[in-house]
Amino acid sequence: MPTDILMPALSPTMEEGTLAKWLVSEGDNVAPGDVIAEIETDKATMEVEAVDEGTIGKILVAEGTEGVPVNSVMAVLLGEGESADTIAATPSPQPSPQKGEGAMAATVALPSTSPPEEEVGASASAPGEGAATPSSPQFSPASDPDLPTGVQMVEMTVRQALNEAMAEEMRADDDVFIMGEEVAEYQGAYKITQGLLDEFGARRVVDTPITEHGFAGIGVGAAFAGLKPIVEFMTFNFAMQAIDQIINSAAKQLYMSGGQVQAPIVFRGPNGAASRVGAQHSQDFTAWYAHVPGLTVIAPYSAADAKGLLKAAIRSPNPVVFLENEILYGHSFEVPKMDDFVLPIGKARMVRQGTDVTIVSFSIGMKYASEATEKLVAEGVDVELIDLRTIRPLDIETVLVSVKKTGRCVIVEEGWPQGSVGSDISARLMEQAFDYLDAPVTRIAGKDVPMPYAANLEKLALPNVDEVIAAVNAVTYRS
Amino acid sequence: MAKKAAARKTAATRKAPARKTAAAAGRRPSRSNAPALDKEQELYAYREMLLIRRFEEKAGQMYGMGLIGGFCHLYIGQEAVVTGVHMASKEGDASITGYRDHGHMLVAGIDPNGVMAELTGRASGLSKGKGGSMHMFSKEKNFYGGNGIVGAQVSLGTGLAFAYKYRGEDNVSLTYFGDGASNQGQVYESFNMAKLWDLPVVYIIENNKYAMGTSLERASAMTDLSQRGASFEIPGEKVDGMDVRYVHEAAQRAIAHARSGKGPYILEMLTYRYRGHSMSDPAKYRSRDEVQTMRSEHDPIEQVKQRILSEKHASEDELKSIEKEVRAVVTEAADFATNAPEPDVSELWTDVTILAGS
Ligand SMILES: Cc1ncc(C[n+]2csc(CCOP(=O)(O)OP(=O)(O)O)c2C)c(N)n1
Ligand SMILES: [Mg+2]
């Protein structure tokens, strides 16, 4: 059988090219590796090598022909004892010559082209029509554990709660260690790691140089090898130096390795605005990380949630971004006194049940949301208040059930409005609860500006209680 | 202010020091053949360093009074570094640093009123009150900040140098950063490109021995920061950063090198900050003794003052009147910054992006 020499593709997206030059003529003998032709596209040039031994029986596409489709036959190679006469009998698709001097008598029509890519993409992802794409698995989180009857509640700050969570997990598991800037001898820039060096020593409480990208990567590598690192960023503003390791290395590892390699690591530290520290030190990265499949993103408000969820995060086999808030560190809450208080990741907390409107928030946004709720309830508005606690996976179920009841939703957060957590919830409510909505889903977010330093402007840039109340009044048509 | 400008102008002529010691890279030059500054230079250095010192002391007080918020990193103790380098530079050279930036601005000739009013977050601050202590800039004086992210200024400063080379201008980028910053990855990425393209940048590492509470030894495998460019063939030297004469002399050499097209140069300034890292600092990572010894034996201002007196460049009385003048400048800045109005609320939405057509 004569062998067809086909038009090669220089790249996965190449559909056709120019046969620039033949370096052999009919009747020439070729050996594997001999360069026989040159192909060009608008992007590149490539030499075509013979892959078999033989004689060039017939050249079917003339030198200089443009628009030669990939995989069409350019020439035929004859093996020993084969004659060129057999070739005519071999039907094969051929390009129509673009330049007049076509030596090809038997050109055949080109196969009709497939629809443009955009159309394919659009139809594949259209809701309801996704024949090829299986739907994503539903995540159903566990409920909070019932507290033992008569459990003692103790007042503690968020700072203490986080500190206890780490200490308890480090006591329980030698694979858990913490590293970061000033976590050891300095006792933590915000004192979250206070006392850990004394108890666990320098092997497990590791001061790093100011090298976020490097130590985040080292943490991820250690997690690949089976340790359970807690990487503290002095603030999440500096985690931007390391975001490549967080997303490209940690978040995607399980998927890229087909489930073989886990990255059980916690990246934690204060996120969001502190007070008067200016644009580069005041931003909320919740929505950024919440965007990334493979990451778990937790942003607690109360001390109890901080403790129970940090313990869960440390035990989680997944990479967790644990977003704390500097302003909340000093706030006190009641925390159950238990040997091992762990909360489920991915479960929102129903803070107050009501029927008039749903307010959804997380982290320090809960401060505005709670204060607004208090005032609104006093005015007779029956608010249902939900603290998301975990942002990814998002407990949309709890929000949906609530909004189907109240018909109204206001989402409160400190981050910027475009592409915010609130934007995403709003979209999901529209998709999944459209018929239940009695008013537009409304977002209260930080203003769409970098954080100003001046005291008066900083106040304006952040959301506030009055804005939340005004939004609730608007969606309940009380204003 | 008029007097201040005049003082600057004379210094801008920047005479070469009378003697030049060819200090071996990596070694502290010996005291006996220290480079000298002339009378004019000594007096200029004294006044500038004193201005920074008094300004920073005032800023510290104002922070304590709640007039300044957030982070506030004082430059007290390190005055000789920025002063000596500035004296060796020429108009048009750019400078850039981190958040410990007040001294860099004052020496660049930026109005102390504008700096102080930025610290208090007022409309007449350098950044209209929107930047704060860590984010101040002056396009006019080629001062590019004022950066809150440790190490970021090193790449940015290298980019300034790139622009100068690109446009064929003979300016140099004076890129300052700390011992702590010197461990960041982007520093080495920048070093490589700076040498690869022979960019006119002088890297001034202000080694004050600590990054917050972490000493250089606890953070760096190789503590001779002057040699951190060795693998890129960037020359470097260690300099007594508490003595403005050595700073000036080394800076002249480094700047000439960069300006002549030979590429980057590293100066490791051995210096010391007397105050805490920022306003809150546990001060447990170093002893009181250590701080006290630096203050009493190496104070940059005291050193100049003693030389001025022993060389009879000026009398005690004349120095007192300089001190008085400096205090007046600082007092005025403080009053200005205390009484200036906050930015108009409409400023919340300005300067975010440049809208097409506007
Ligand atoms: C990327 C980044 N990481 C951490 C911080 C927090 N931080 C601010 S200053 C500082 C210490 C820097 O020390 P050094 O470079 O020696 O400069 P110095 O403060 O001594 O002038 C740290 C860790 C930051 N601002 N940016
Ligand atoms: Mg330092």
Side-chain angles (χ1 to χ4, degrees), chain A residues 180-191 194 197 202 206-218 233-242 244-245 273-283 326 416 446-462, chain B residues 66 68-72 99 118-123 125 127-136 146-152 178-187 211-216 218-221 277 280-282 284-285 341-353:
Chain A
E181 293 160 22
E182 309 288 4
V183 297
E185 294 197 7
Y186 198 89
Q187 308 293 321
Y190 297 100
K191 302 283 171 277
Q194 185 126 38
L197 175 66
V206 184
D207 273 331
T208 64
I210 310 169
T211 49
E212 289 84 4
H213 196 194
F215 69 71
I218 287 172
F233 291 112
M234 192 176 286
T235 77
F236 261 91
N237 302 289
F238 317 139
M240 271 201 287
Q241 302 280 324
D244 179 71
Q245 293 289 12
S275 168
R276 305 290 306 284
V277 293
Q280 291 182 339
H281 282 66
S282 317
Q283 55 186 323
E326 190 201 323
W416 290 307
K447 304 301 176 294
D448 198 18
V449 300
M451 185 62 74
Y453 167 74
N456 64 332
L457 298 186
E458 186 184 64
K459 224 183 203 159
L460 294 176
L462 292 166
Chain B
I68 297 173
F71 295 128
C72 184
Y99 40 83
E118 190 59 37
L119 294 182
T120 55
R122 305 306 167 96
S127 300
K128 304 182 193 164
K130 292 155 82 166
S133 165
M134 297 186 285
H135 310 303
M136 284 188 239
N147 289 276
I149 302 303
V150 170
D179 48 291
S182 76
N183 289 319
Q184 282 285 35
Q186 61 182 317
V187 171
M212 291 186 67
T214 303
S215 66
L216 177 65
R218 291 208 307 116
S220 297
H277 167 73
S280 70
D281 181 298
K284 284 196 189 130
Y285 50 88
E342 288 192 307
D344 190 84
V345 292
S346 65
E347 287 290 349
L348 180 66
W349 297 105
T350 60
D351 308 320
V352 179
T353 39

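Residue numbering restarts at 1 for every chain, and letters A, B, ... go by the order of the sequence lines.
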Heavy-atom pairs under 4.5 Å with chain A: which of B:V187, B:T353, B:V352 has the most?
B:V352
Worked verdict on A:F238 versus B:V150 for side chain to side chain contact (heavy atoms under 4.5 Å, CB included):
CA-CA 8 Å; A:F238 317 139; B:V150 170; over 6 Å; no
If every non-hydrogen atom of A:P209 is compared with every non-hydrogen atom of B:A219, which pair is closest and at what distance?
CG-O, 3.2 Å
How many angstroms lie between atom CD of A:E181 and atom CG of B:N183, to the nearest 0.5 angstrom?
10.0 Å
Nearest heavy-atom pair of B:W349 and A:V449: which atoms, and what distance?
CE3-CG1, 3.5 Å
When you measure from the side chain of B:E342 to the backbone N and O of A:A454, does any donor-acceptor pair fall under 3.5 Å?
no
Per-residue tally against chain B (heavy atom, under 4.5 Å) across A:E458, A:M240, A:Q241 peaks at A:Q241
Answer with side chain, backbone, both or neither: which region of A:E212 has an atom nearer than 4.5 Å to a non-hydrogen atom of chain B?
both
With a 4.5 angstrom heavy-atom cut-off, which part of B:M134 approaches chain A: side chain, backbone, both or neither?
side chain
Considering only heavy atoms, which portion of B:D351 lies under 4.5 Å from any heavy atom of chain A: side chain, backbone, both, or neither?
neither
Ignoring hydrogens, what is the shortest heavy-atom contact between B:M212 and A:A189? Give both atom names and the distance.
CE-CB, 4.4 Å
Judged by atom type as modelled, is there a donor-acceptor pair below 3.5 Å linking the side chain of A:N456 to the main-chain atoms of B:V345?
no
Once rounded to the nearest 0.5 Å, what's the spacing between atom CD of A:Q280 and atom OH of B:Y99?
12.0 Å
Closest heavy-atom pair and its distance - A:P452, B:L348
CG-CD1, 4.0 Å
B:H135 vs A:H281 aromatic rings, parallel, tilted or perpendicular, using cut-offs 30° and 60°?
tilted
Restricting to non-hydrogen atoms, name the atom on A:L457 and the atom on B:E347 that form the minimum distance, rounded to 0.1 Å.
CD1-CB, 4.1 Å
Sorted by chain and residue number, the salt bridge (charged side-chain N to carboxylate O under 4.0 Å, His left out) partners of A:E185 (sequence neighbours excluded) come out as B:R218
Side chain to side chain contact (heavy atoms under 4.5 Å, CB included) between A:H213 and B:Q184, worked out:
CA-CA 8 Å; A:H213 196 194; B:Q184 282 285 35; 5.9 Å; no
Engaged part of B:L119 at the chain A interface, taking heavy atoms whose separation is under 4.5 Å
backbone
Which portion of A:S275 sits near chain B, non-hydrogen atoms under 4.5 angstrom
backbone
Where A:I210 and B:A211 come nearest, the two heavy atoms and their spacing
CD1-CB, 3.8 Å
Quick one: of B:G125, B:G185, B:C72, B:G131, who has the most non-hydrogen atom pairs under 4.5 Å with chain A?
B:G131
Does the A:Y453 side chain pair with the main chain of B:G69, one donor and one acceptor, at a distance under 3.5 Å?
yes
Could you tell me which portion of A:A274 (side chain, backbone, both or neither) has an atom closer than 4.5 angstrom to a non-hydrogen atom of chain B?
neither
Interchain contact, B:T120 with chain A, by part (heavy-atom threshold 4.5 Å):
backbone
Who pairs with A:A239 by side chain to side chain contact (heavy atoms under 4.5 Å, CB included), at least two apart in sequence or on another chain?
A:F233, A:F236, A:I246, A:Y289
With a 4.5 angstrom heavy-atom cut-off, which part of A:M451 approaches chain B: side chain, backbone, both or neither?
backbone
